[in-house]
Amino acid sequence: QVQLVESGGGSVQPGGSLRLSCAASGRSFTIYAMGWYRQAPGKQRDLVASISRAGNTNYADSVKGRFTISRDNAKNTIYLQMNSLKPGDTAVYYCNAEVANMTGYVLEEWGQGTLVTVFS
């Protein structure tokens, strides 16, 4: 009963910025760690950034210093501010969350993805 919906993707030129959002909706759930993954054409899905409920963050080396992940626990939403975008950042970006139901059972949930295209 939990759905993750990404938004904010689009097409930009190198050096541009985008802000992605991922909102979780449903009933009787608690979100712990959340993260952003991306999958470029013909490539595997890789972690971009993650954030714990307490706000501890982790970034892939390729985006350190350019991307910032944040969350609003009250809104069950995370964000990914992407600056200084490069053509190599082109991918479908997926939201991921550790979700616990009211019994405490934890599942990993995925959004449907939002496309980011950086034209060279």
Side-chain angles (χ1 to χ4, degrees):
Q1 294 187 349
V2 175
Q3 183 179 14
L4 304 179
V5 180
E6 302 98 334
S7 62
S11 180
V12 298
Q13 294 183 346
S17 297
L18 287 173
R19 182 177 174 85
L20 305 183
S21 299
C22 173
S25 62
R27 296 185 297 176
S28 301
F29 68 91
T30 300
I31 297 179
Y32 295 107
M34 298 186 74
W36 289 97
Y37 290 70
R38 67 186 182 187
Q39 187 168 22
K43 303 293 181 62
Q44 68 179 33
R45 187 176 300 184
D46 294 319
L47 174 69
V48 176
S50 63
I51 184 169
S52 71
R53 186 171 181 84
N56 299 311
T57 59
N58 183 44
Y59 296 92
D61 289 340
S62 60
V63 306
K64 287 181 178 178
R66 300 188 298 119
F67 292 8
T68 302
I69 187 171
S70 61
R71 68 188 295 166
D72 185 335
N73 291 336
K75 296 182 178 180
N76 290 320
T77 300
I78 62 167
Y79 307 92
L80 185 67
Q81 179 65 47
M82 305 186 295
N83 299 323
S84 302
L85 284 163
K86 305 175 180 179
D89 296 320
T90 295
V92 176
Y93 284 69
Y94 296 91
C95 181
N96 172 270
E98 294 179 342
V99 181
N101 61 22
M102 62 184 303
T103 69
Y105 187 77
V106 180
L107 293 174
E108 187 177 66
E109 301 288 345
W110 292 92
Q112 294 184 344
T114 184
L115 177 63
V116 172
T117 302
V118 185
F119 291 104
S120 62

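Just so it is clear, the model here is predicted, and its values are computed rather than measured. Positions are given from 1 along the sequence.
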Novice: Is the number of heavy atoms from other residues, nucleotides or ligands within 6.0 Å of CD (Gln39) greater than 12?
Specialist: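 Atom CD in Gln39 is packed in, count exceeds 12.
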Novice: Considering only residues two or more places apart or on different chains, which pairs with a residue in residues 85-106 satisfy salt bridge (charged side-chain N to carboxylate O under 4.0 Å, His left out)?
Specialist: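 For residues 85-106: Arg38-Asp89, Arg66-Asp89.
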Novice: With sequence neighbours left out, which residue pairs that include part of residues 23-70 fulfil the disulfide bond (SG atoms under 2.5 Å apart) condition?
Specialist: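 Listed by first then second residue: nothing to list.
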Novice: With sequence neighbours excluded, tell me which residues meet side chain to side chain contact (heavy atoms under 4.5 Å, CB included) with Ala74.
Specialist: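 For Ala74, the residues satisfying side chain to side chain contact (heavy atoms under 4.5 Å, CB included) (neighbours in sequence not counted) are Asp72.
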Novice: Do Leu115 and Val48 sit in the same hydrophobic cluster, where Ile, Leu, Val, Met, Phe, Trp and Tyr count as joined when their side-chain heavy atoms come under 4.5 Å apart?
Specialist: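 In one cluster: no.
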Novice: Rounded to the nearest 0.5 Å, what's the gap from CG on Leu85 to OG1 on Thr90? Could you check?
Specialist: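 The CG atom of Leu85 sits 8.5 Å away from the OG1 atom of Thr90.
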Novice: Compare every heavy atom of Gly9 with every heavy atom of Val116, then report the nearest pair and how far apart it is.
Specialist: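 Scanning both residues, the minimum pair turns out to be CG2-CA, 4.2 Å.
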Novice: Report, one line per pair, each donor and acceptor closer than 3.5 Å where one atom sits in a side chain of residues 10-36; sequence neighbours left out.
Specialist:
from, atom 1, to, atom 2, distance (Å)
Ser17, OG, Asn83, OD1, 2.9

Novice: Could you list the residues that satisfy salt bridge (charged side-chain N to carboxylate O under 4.0 Å, His left out) with Arg53, not counting sequence neighbours?
Specialist: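 Here no residue qualifies.
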Novice: Scan residues 32-76 for pairs that pass disulfide bond (SG atoms under 2.5 Å apart), counting only residues two or more places apart or in two chains.
Specialist: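 Listed by first then second residue: nothing to list.
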Novice: So, the side chain of Glu6 versus the backbone of Cys95: is there a donor-acceptor pair under 3.5 Å, distance only?
Specialist: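 Yes; judged by distance alone, with no hydrogens or angles, the pair exists.
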Novice: List in chain and number order the residues that pass side-chain hydrogen bond (donor to acceptor under 3.5 Å, both in side chains) with Lys75, two or more places apart in sequence or in another chain; answer none if no residue qualifies.
Specialist: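 With neighbours one apart ignored, the set is empty.
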Novice: Checking Asn101 now: which residues fulfil side-chain hydrogen bond (donor to acceptor under 3.5 Å, both in side chains) with it, not counting sequence neighbours?
Specialist: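 For Asn101 the side-chain hydrogen bond (donor to acceptor under 3.5 Å, both in side chains) partners, ignoring immediate neighbours, are Thr103.
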Novice: What distance separates Gln112 CD from Leu4 CG, expressed to the nearest 0.5 Å?
Specialist: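 Answer rounded to 0.5 Å: 10.0 Å.
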Novice: I'd like to check the side-chain hydrogen bond (donor to acceptor under 3.5 Å, both in side chains) partners of Thr57; sequence neighbours left out, ordered by chain and number.
Specialist: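 side-chain hydrogen bond (donor to acceptor under 3.5 Å, both in side chains) check on Thr57 returns nothing, list empty.
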Novice: Per the ring-ring contact (aromatic ring centres under 6.0 Å, His included) rule, what does the pair list look like for residues 62-103, sequence neighbours excluded?
Specialist: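 Residue pairs passing ring-ring contact (aromatic ring centres under 6.0 Å, His included), neighbours aside: none found.
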Novice: Who are the side chain to side chain contact (heavy atoms under 4.5 Å, CB included) partners of Lys64, not counting sequence neighbours?
Specialist: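 In terms of side chain to side chain contact (heavy atoms under 4.5 Å, CB included), with neighbours along the sequence ignored, Lys64 is linked to Tyr59, Asp61.
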Novice: List the residues meeting side chain to side chain contact (heavy atoms under 4.5 Å, CB included) with Asn56, not counting sequence neighbours, and say none if there are none.
Specialist: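 If we apply the side chain to side chain contact (heavy atoms under 4.5 Å, CB included) test to Asn56, skipping adjacent residues, the hits are Ser52, Ala54.
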